[in-house]
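A quick write-up on the structure given underneath.
Just so it is clear, the structure is predicted and the values come from calculations on it, not from any experiment. Each chain gets a letter, A, B and so on, in the order the sequences are listed, and its residues count up from 1.
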Number of protein chains: 2
Amino acid sequence: MKLDERHLVQLAAVVQTGSVTEGAALLGLAQPAVSRTLAMLEKRLGEPLFHKGRRPLEPTALGRALADHGQIMLSASRKASELVDDFRHGQAGVVRLGGVPFFMDALIAGMVAEFQQAHPGVRVDQSYGYLPDLSAALLADRIDIGVCPIDILDEGSGLTFQEILRAHNVIACGVSHPLLLKRRIIAADLIAYPWIAPPPGSPLLSDLHRILLWLGVGEIRVRYSGGSPLSVVNYMKATDALTVLPHSVVFALRKDKAITALPFDFPQPERKLGLLRLAEAPRAPAVEAFAAHVGKSFENLKHLIKRHEEAVVWGA
Amino acid sequence: MKLDERHLVQLAAVVQTGSVTEGAALLGLAQPAVSRTLAMLEKRLGEPLFHKGRRPLEPTALGRALADHGQIMLSASRKASELVDDFRHGQAGVVRLGGVPFFMDALIAGMVAEFQQAHPGVRVDQSYGYLPDLSAALLADRIDIGVCPIDILDEGSGLTFQEILRAHNVIACGVSHPLLLKRRIIAADLIAYPWIAPPPGSPLLSDLHRILLWLGVGEIRVRYSGGSPLSVVNYMKATDALTVLPHSVVFALRKDKAITALPFDFPQPERKLGLLRLAEAPRAPAVEAFAAHVGKSFENLKHLIKRHEEAVVWGA
DNA sequence: CGAGCTTCATAACGATATGGTATATAAACT
DNA sequence: AGTTTATATACCATATCGTTATGAAGCTCG
């Protein structure tokens, strides 16, 4: 005999509260509705659910047993409602994040931690990739947000871009690098030291090539490549190697006093760091909230970044 | 946001089977009904529950999470259905049994055990009492069945009586009692031995008084009283004490070879053993089934009891 | 890559169930 | 007994359900 789930929930509420009126109130229903449900249930079952004529309403064995199952449904229903509410406030769900390694590690990871203090129910799945991977992943619905620098976004790509920061690269080095002591750095100084090559496919690699072109120098000595961001930092700490990094990364790592940037200016690419997202997708609130958080965090950092830029890069 | 329990169950079925069609079949619904439910849920939530345009239907994070809760409800619902079915077949529930001690212990307890082999889900709550207690308990709905001997049932008491056995008392004694060796027992023999008094208020006590009246003897020596049935049996085993017992009790205990009955005939009360029940009560199937089982068991025993009666009491 | 099959979405409609308000009835309290 | 509270009933409006019919979208296989 199949029973309507809702009926069992109503029964559970009545048994729990010990009264039809209170049970109805608990569910936000009127008393007659619940009363009728019980009457109908008893009629269908052919068995009484309550001992009649006792005011402290007393369920029969069957009534109590069925109410137990109803109670399970009731609590599942309550949890489901909470889940939906949480989800709608971005308090539950998953944010699938993809991005270029240095930004993700130096800046985004910390922001994820901050974000989750306010949204503890949200899980973040992080993955790495450069623009082509990220846009493919977005279109295939493998990630919700791509964090990457971008030159120009094609119209009709189905993606939207939310700018976060103007890209600004620097020549990074360990904090005890000899060149930091020089009054004025010239191209020849730069090629005198070993270099760390940015990962193949990364914007930083093409940026590096453009810088070398601008400097008019030929080849540099690449002594290390392929390491993840933390490897690169640790390598720089221990050597006099140089590499190209986004300034914001150096900024984010300033507290560690492990790496810094050379006070050396060069033409910057017309590029912006930002969040890449699907244009026409239903956006989960958690994703919205995360994007908003990242945007706000960068907004708050903007003047600090600017000050650091001036202090470090131009030695102000 | 409150969600209809049934909708979540449908969602769970779809997620579980991986298809709207199969999910609908699982619940015995038509595919469009479920399809519409899902569409309505998504509209209400403002969030998709499934990633569109993938054939192995893939739920979103929210869809999966809600389906989990729905799954809980679904299984609770299934269990509730089973419970009801069991209950209707007398396979679940409680039988609250009250009765006079000797019958309950010697005969009914064994029948409860038999009954539960076929109805393992039924619990039996046993209590003791004599007719006044039992009818009060029945009317107050503290028990479902009273097992007791009864002379005449008042009309209008609201109770019904189902006869099981004609009452037949015997003088019980240990199997090695000296009187068993005598050819013919007379009144003087009976008062020569110590007696066990039946419990105050019991029919057996008034039966005993009537027997003494009939015998024309005055007082007997009461040496023991107040014991439960097992005490009485053990006492008789170890002494030459006599007492009045229903023959059926002696019959039920015949296998133990501890007690038996004296071949001594006396007038029997016009009384029947049977099941006392509320006349106008909705009867739980388990109670019905138990009453039927007891009736059948006694029916099966009837000829054995008769044979035993003839063999023991009249020494046939 | 297109034909064919399966599965899902939508529409329309009748039947039913549900929930509300108003009210009658029954139980409990004092 | 009278008052108060709780439960049952009556009736109406509406949401939902389940059905059939039909169109659209994916998957499969040659």
Which is it for A:Arg277 and A:Asp144 under the salt bridge (Lys or Arg N to Asp or Glu O under 4.0 Å) test, yes or no, and what are the steps along the way?
-> CA-CA 6 Å; A:Arg277 311 171 62 182; A:Asp144 299 305; over 6 Å; no
Give a yes/no on whether any side-chain N or O of B:Ser35 is located under 4.0 angstrom from OP1 or OP2 of C:dT10.
-> no
Would you call B:Asp125-B:Arg123 a salt bridge at under 4.0 Å N-O?
-> yes
Interatomic distance, B:Leu11 CG vs C:dC8 P [rounded to whole Å] = 14 Å
In whole angstrom, what separates B:Leu29's CG from C:dC8's P?
-> 14 Å
Does the side chain of B:Gln31 come under 3.5 Å of the side chain of B:Thr21 through a donor N or O and an acceptor N or O?
-> no
Could you state the CD-C1' distance from A:Gln10 to C:dT18, rounded to the nearest angstrom?
-> 9 Å
Rounded distance (Å) that lies between atom P of D:dT7 and atom CZ of A:Phe50 = 10 Å
Phosphate oxygens OP1/OP2 of D:dT16: is one of them under 4.0 Å from a side-chain N or O of B:His7?
-> no
In whole angstrom, give the distance that lies between atom CG of A:Leu38 and atom P of C:dG19.
-> 12 Å
Rounded to the nearest Å, what distance is computed from the CG atom of residue B:Leu49 to the P atom of nucleotide C:dA9?
-> 11 Å
Among the nucleotides C:dA11, D:dT9, C:dG20, whichever has the atom closest to the side chain of B:Pro32 is C:dA11
Nearest-Å distance for atom pair CD/C1', residues A:Glu5 and C:dT18 = 15 Å
Plane angle bin for B:Phe115 and B:His119 - parallel if under 30°, tilted between 30 and 60°, otherwise perpendicular | parallel
Give one of base, sugar-phosphate or nothing for B:Thr21, where a contact means two heavy atoms less than 4.0 Å apart.
-> sugar-phosphate
Look at the side-chain N and O atoms of B:Arg44 and state whether any lies under 4.0 Å from the OP1 or OP2 oxygen of D:dT16.
-> yes
Heavy atoms under 4.0 Å, any strand shown: does A:Arg36 hit a base, just sugar-phosphate, or nothing?
-> base
Which part of the nucleic acid, if any, lies within reach of A:Gly23 when heavy atoms closer than 4.0 Å are counted: base, sugar-phosphate only, or nothing?
-> nothing
To the nearest angstrom, the CE-C1' distance between B:Met40 and D:dA15 comes to 9 Å
Across the strands shown, which category fits B:Glu42 at heavy-atom distances under 4.0 angstrom: base, sugar-phosphate, nothing?
-> nothing
Ignoring backbone atoms, establish whether A:Gln31 has a side-chain N or O less than 4.0 Å from OP1 or OP2 of C:dA22.
-> no
Is A:Gln91 reaching over with its side chain to a backbone N or O of A:Ala118, donor-acceptor style, under 3.5 angstrom?
-> yes
Nearest listed nucleotide, side chain of B:Ala30, among D:dT20, D:dA10, C:dT7 | D:dT20
